[in-house]
Amino acid sequence: MYLKNTSDEVKKITEKINELDNENKLKFISYILNLWDNDQINSLDVTNPSLLDDSSCIDIFNPSNIGCCYLVDKLKEYWDHIYKLYHLYQEEYKRMIPLFEKLSFKEKIDVLAEIFLILEHDKLLPDNVDGYEIARMIIKY
């Protein structure tokens, strides 16, 4: 399940996500969603873009860009309740974090869209969250 015109790096990380068991998959996805929610997916690849001066030209992609301000909190609360996740970084996906962090801004956005397709396919979203619709909104960004 790939988006059109994705890079080999996006395909590689998507395959690695799909190889994880559900618990580790959700933990890795939570890590990426935290980056997304904290404005860390941005065109300058800086950790805290709010500290930059106003003259910096930066494109920040976060859940509010697609009209879903509280989506990450909602998903993490659901997963913590249903799957009893403990936010410990296991070795299985710890090696994947640098792969994601090395991606370009556009590739990170593509991975986010892929993540919501994976979550929808694996039925890891609450009933009132449509992963396909979120992926469409991310792609339109």
Side-chain angles (χ1 to χ4, degrees), residues 1-54 56-141:
M1 158 177 41
Y2 296 113
L3 303 171
K4 293 181 183 178
N5 303 323
T6 59
S7 69
D8 289 337
E9 289 80 11
V10 170
K11 290 177 183 176
K12 181 179 175 180
I13 200 163
T14 302
E15 288 172 4
K16 287 186 177 287
I17 292 170
N18 275 317
E19 291 171 2
L20 296 172
D21 60 61
N22 280 352
E23 182 177 340
N24 285 310
K25 183 182 294 185
L26 288 175
K27 288 179 181 180
F28 180 71
I29 289 170
S30 290
Y31 171 80
I32 293 175
L33 293 180
N34 284 333
L35 294 177
W36 184 36
D37 199 35
N38 294 323
D39 296 340
Q40 291 178 328
I41 297 180
N42 56 71
S43 58
L44 296 181
D45 204 20
V46 293
T47 306
N48 196 345
S50 59
L51 295 178
L52 297 174
D53 61 26
D54 292 339
S56 298
C57 184
I58 185 169
D59 192 11
I60 298 172
F61 184 62
N62 58 36
S64 63
N65 291 116
I66 61 168
C68 299
C69 299
Y70 303 106
L71 177 63
V72 174
D73 291 336
K74 183 178 186 176
L75 292 177
K76 287 177 16 183
E77 182 179 303
Y78 173 75
W79 294 332
D80 286 343
H81 177 71
I82 299 296
Y83 298 100
K84 309 287 189 252
L85 293 184
Y86 300 100
H87 299 286
L88 301 173
Y89 295 111
Q90 301 296 320
E91 197 61 39
E92 291 87 7
Y93 69 88
K94 197 177 195 181
R95 291 183 297 265
M96 294 170 53
I97 291 171
L99 293 175
F100 179 77
E101 291 176 350
K102 290 178 185 175
L103 296 176
S104 71
F105 177 61
K106 184 188 177 327
E107 289 172 328
K108 287 178 182 177
I109 292 173
D110 288 346
V111 169
L112 276 169
E114 289 285 354
I115 282 172
F116 281 98
L117 295 176
I118 290 168
L119 291 171
E120 184 67 40
H121 179 265
D122 292 350
K123 297 179 178 26
L124 296 171
L125 293 171
D127 291 339
N128 60 348
V129 175
D130 184 350
Y132 298 121
E133 182 59 30
I134 293 170
R136 272 192 287 280
M137 291 187 293
I138 290 172
I139 292 167
K140 286 181 184 178
Y141 173 75

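Reckoned from all heavy atoms, side chains included, excluding hydrogens, waters and symmetry mates.
- For E107, the side-chain contact (heavy atoms from CB on, under 4.5 Å) test picks out S7, E9, V10, L103, S104, with sequence neighbours left out.
- Taking the charged nitrogens against the carboxylate oxygens, K106 and D110 do have a contact shorter than 4.0 Å, which makes a salt bridge.
- Scanning both residues, F105 and I41, for their nearest heavy atoms gives CE1-O, 3.5 Å.
- R136 has a carboxylate O that lies under 4.0 Å from a charged side-chain N of E133, or vice versa, which qualifies the two as a salt bridge.
- Legend: residues meeting side-chain hydrogen bond (donor to acceptor under 3.5 Å, both in side chains) with E19, ordered by chain and number and at least two apart, are absent.
- Rounding to the nearest 0.5 Å places CG of D37 at 9.0 Å from OG of S64.
- Judged by distance alone, with hydrogens and angles left aside, the side-chain atoms of D122 form no donor-acceptor pair with the main-chain N or O of L119 at under 3.5 Å.
- With W79 contributing its side chain and L124 its backbone, the two residues share a donor-acceptor pair below 3.5 Å.
- Formation of a donor-acceptor pair under 3.5 Å by the E114 side chain with backbone atoms of T14 is not found in this model.
- Although no hydrogens or angles enter the test, the distance criterion places a donor-acceptor pair under 3.5 Å between the side chain of D21 and the main chain of E23.
- Checked by atom type and distance alone, the side chain of N34 pairs as donor or acceptor with a backbone atom of S30 at under 3.5 Å.
- With hydrogens and angles left out, the side-chain atoms of D59 and Y141 include a donor and acceptor closer than 3.5 Å.
- A donor-acceptor pair under 3.5 Å links the side-chain atoms of N42 to the main chain of D39, judged by distance alone.
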